[in-house]
2 protein chains.
Amino acid sequence: MIASNYKDMLQEKSVIRELFGYALNRAKEIGYENVFDYSLGNPSVEPPEEFTQTLLRLLQETDPMILHGYSPTLGIPSVLEKVARSLRDRFLLPYKAEHIFMTTGAAGAIAHAVRAVCTPGEEVITFAPFFPEYRPYITLSGAVLKVVPPDLSAFQIRFDLFEEMITEKTAAVLINTPNNPTGVVYSEDTLKKLAAILTKRSKEYGHPIYLISDEPYREIVFQGVTAPYVSSYYKNSIVCYSFSKSLSLPGERIGYIAVNPACEQGETIIQMCGQISRGIGHNCPPSIIQLAVAETIMLTSDLSVYERNKNILYHELISLGFSCVEPGGTFYIFPKALEEDANSFSLKAKKYDLCLVPGDSFGCPGYFRMAYCIDTEKVNRSLTALRSFAKEEYNR
Amino acid sequence: MIASNYKDMLQEKSVIRELFGYALNRAKEIGYENVFDYSLGNPSVEPPEEFTQTLLRLLQETDPMILHGYSPTLGIPSVLEKVARSLRDRFLLPYKAEHIFMTTGAAGAIAHAVRAVCTPGEEVITFAPFFPEYRPYITLSGAVLKVVPPDLSAFQIRFDLFEEMITEKTAAVLINTPNNPTGVVYSEDTLKKLAAILTKRSKEYGHPIYLISDEPYREIVFQGVTAPYVSSYYKNSIVCYSFSKSLSLPGERIGYIAVNPACEQGETIIQMCGQISRGIGHNCPPSIIQLAVAETIMLTSDLSVYERNKNILYHELISLGFSCVEPGGTFYIFPKALEEDANSFSLKAKKYDLCLVPGDSFGCPGYFRMAYCIDTEKVNRSLTALRSFAKEEYNR
């Protein structure tokens, strides 16, 4: 029988995708340059030239039988070695190849991590606002997603509410810092408190509560901000990384899982990932992409545009009287809408050719997300539209 | 909690992988050229030069933002169009882009197809001998695998036993022709009988029984053999294809699902695949690999070596008195062992540096598989070992 859970998903509408579709259609009418599309989190800068050169070199110099041959179930050993070394050098934890598993981006990493450390019916806690795709990654694994309401003052963690929600059924906690959609970086204080609670509760319940750390924006951190490395604060942590943003390769679907070298059953979790991958017929990301990112792992695209755009937008939003936490990284900002219903707010914004995503699907109604991974020139031009919108609709 | 189903899988030993590991170690002792490793089904011919040239051209001529950008959930439209056209032209069924979903090889395709058309607890029937990886693809989706005992005379289908095993709970039937491990191609007569039974039972139970057709060896068919196109015989059929063998790209993990244009809810199944992929964080194969195979879809590697090897081995096996069905395609042959216990047989073969895989894990004890995707020169040299083995151990 046709599986109704997947079929029913076809009825769900992604607000982000819908807005993106609207922007594409509107661009046909008035020209792409006149639509201020802040809907999609798609990198707007080129991959480093070295990435292209690496692929060309691999194709020209490697025996194609080896280049395109089967990758071992747990990944290409030299690739795992390079990923481990890069983490070891940067974060001073003793990572080895056996702590790494290559995945299809952070998405694949989270989907694998959840399947490894949760049994069906167990709970994964995350914090609003959160990336809406967490829901399918978690619920389709058979686990249950629990969402802690947002800390609206700073987008850190409402620990009082969090403590009420942890139970014996909590198998994992999923965090994302720097954060989509807020752009906020968790402070050292937040991570220390989080770790202390997880350690205490793990002991109380007699099983580890794993901390799954979604880190696709790790490299996009703004001046004056320090992004603490999550795994330094809690031993039972599992990093889910993606090269989509750091190397601007979202379509190549490449990232990794890195279990903390001190993680309970960490090496077993990595080996289990090989079995999970086998069960979904995936069997490792493509060899050539694994090899290419391993060669360029210390590089990033020129990410400076995101900080430039953030500065322009943040100051304009503040001067228009928006309530807004300043992002410390990513290419998102998450201000409070100028009316209670962010959907109605977003609808009105369309009249000004501004595509703003209402915060409801991120678990945070009344707010909206702007993905400012667009040209700075366009950000500047969007300010006139933003001002007219705020003035004409809300008297700002 | 650590998920025990995946953890327990780590205890299972893959006989194929173990033999392959043995061959690698033995090669260190006596030299690679002296180990007759028939264990792994890894292509032994280079990808077509045009594949490499296509990748180089894509890298040199395409805007990297587009080349490495997000692929739409259902695949890159131009890629789907090219796959559909190639199927339309070759098999004369009216395939369109909306009947195609790009996957990580046939493995990913089967894992998606099973999740789309089976609900947990429902049954998928396959026929022994069968590719052992079918078990994780199916059982980890929540469905139940049922295996029809083998037709030892011709490795077609024991329809009497099959008819007894179909029930109301049968959601899908999974076939593989040309077949791993037997090399046998299902005849037109087999496919017609199969289709008639499925049509009758679907009607009786009031729901379609889908036919999932695993076709990674579609292009490896030997002289004088015709491999009928499965989907021409049954409308509710789903092709699972891989480029691993046709283009010798097993490490690049690329293939597709093609639903029969007449398939009940076929287009819905394709759209559901997008959701299944989303749930495992996969979101389409890498863009650059999708684009490259679409450009070279009408090509294959030079596959002639497999037929040469088959001819040599088949004749030698027959002349040594092995009971053996002649393969019509693939790079496998599946003779009867010279003693009842194929594991003991395989163990003795190791003394002659012959790596032969016992048939037990394929659901067919007493037989063994040889994967002759190795150099013809080595096949020829292996004959001496094969003769000594048969003579010294079994007096042949």
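It should be emphasised that the depicted structure is a prediction, and the values quoted were computed from it without experimental measurement. Residue numbering restarts at 1 for every chain, and letters A, B, ... go by the order of the sequence lines.
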Could you measure the distance from the [atom1] atom of [X] to the [atom2] atom of [Y]? Nearest 0.5 Å is fine.
{"X": "A:Ser44", "Y": "B:Met65", "atom1": "OG", "atom2": "CE", "value": "6.0 Å"}
{"X": "A:Asp8", "Y": "B:Met272", "atom1": "CG", "atom2": "CE", "value": "8.5 Å"}
{"X": "B:Asn5", "Y": "A:Ile276", "atom1": "CG", "atom2": "CD1", "value": "8.0 Å"}

Part of [X] lying under 4.5 Å from any heavy atom of chain B:
{"X": "A:Ala116", "answer": "backbone"}
{"X": "A:Pro285", "answer": "backbone"}
{"X": "A:Val114", "answer": "neither"}
{"X": "A:Arg135", "answer": "neither"}
{"X": "A:Ile269", "answer": "side chain"}
{"X": "A:Ser248", "answer": "backbone"}
{"X": "A:Cys273", "answer": "neither"}

Contact winner vs chain B - [options], heavy-atom pairs under 4.5 Å:
{"options": "A:Leu56, A:Ile254, A:Ile76", "value": "A:Leu56"}
{"options": "A:Gln290, A:Arg115, A:Glu12", "value": "A:Arg115"}
{"options": "A:Thr170, A:Ile288, A:Thr139", "value": "A:Ile288"}
{"options": "A:Gly274, A:Pro208, A:Gly251", "value": "A:Gly251"}
{"options": "A:Pro250, A:Ala3, A:Cys284", "value": "A:Pro250"}

Distance-only donor-acceptor hits, side chain of residues 102-111 of chain B, under 3.5 Å, sequence neighbours excluded:
from: B:Thr103; atom 1: OG1; to: B:Gly105; atom 2: O; distance (Å): 2.8
from: B:Thr103; atom 1: OG1; to: B:Gly255; atom 2: O; distance (Å): 3.4
from: B:Thr103; atom 1: OG1; to: B:Tyr256; atom 2: N; distance (Å): 3.3
from: B:Thr104; atom 1: OG1; to: A:Gly281; atom 2: O; distance (Å): 3.2

A:Glu122 side-chain N/O to B:Met1 backbone N/O, donor-acceptor pair under 3.5 Å: yes

A:Gln275 side-chain N/O to B:Lys7 backbone N/O, donor-acceptor pair under 3.5 Å: no

Smallest separation among heavy atoms of A:Gln265 and B:Ile2, with atom names: NE2-CG1, 3.6 Å

Considering all heavy atoms, the nearest A:Pro47-B:Pro64 contact: CD-CB, 3.8 Å

Between [options], which residue shows the highest count of heavy-atom pairs closer than 4.5 Å to chain A?
{"options": "B:Thr52, B:Leu140, B:Thr268, B:Leu10", "value": "B:Leu10"}
{"options": "B:Glu46, B:His207, B:Lys169, B:Gln60", "value": "B:Glu46"}
{"options": "B:Ile289, B:Asn283, B:Leu247", "value": "B:Asn283"}
{"options": "B:Ser244, B:Ser71, B:Pro136", "value": "B:Pro136"}
{"options": "B:Ile138, B:Leu59, B:Thr73, B:Leu249", "value": "B:Leu59"}

Flag if over 12 foreign heavy atoms under 6.0 Å of OH, B:Tyr205: yes

A:Tyr70/B:Glu252 under side-chain contact (heavy atoms from CB on, under 4.5 Å): CA gap, chis, key distance, verdict: CA-CA 8 Å; A:Tyr70 274 118; B:Glu252 304 308 355; over 6 Å; no

Criterion side-chain contact (heavy atoms from CB on, under 4.5 Å) on B:Arg278 and A:Glu133, from CA distance to verdict: CA-CA 8 Å; B:Arg278 185 183 162 205; A:Glu133 291 297 295; 2.8 Å; yes

Mutual orientation of the aromatic rings belonging to B:Phe51 and A:His68 [parallel < 30°, tilted 30-60°, perpendicular > 60°]: perpendicular

Residue list, side-chain hydrogen bond (donor to acceptor under 3.5 Å, both in side chains) with B:His112, at least two apart or on another chain: none

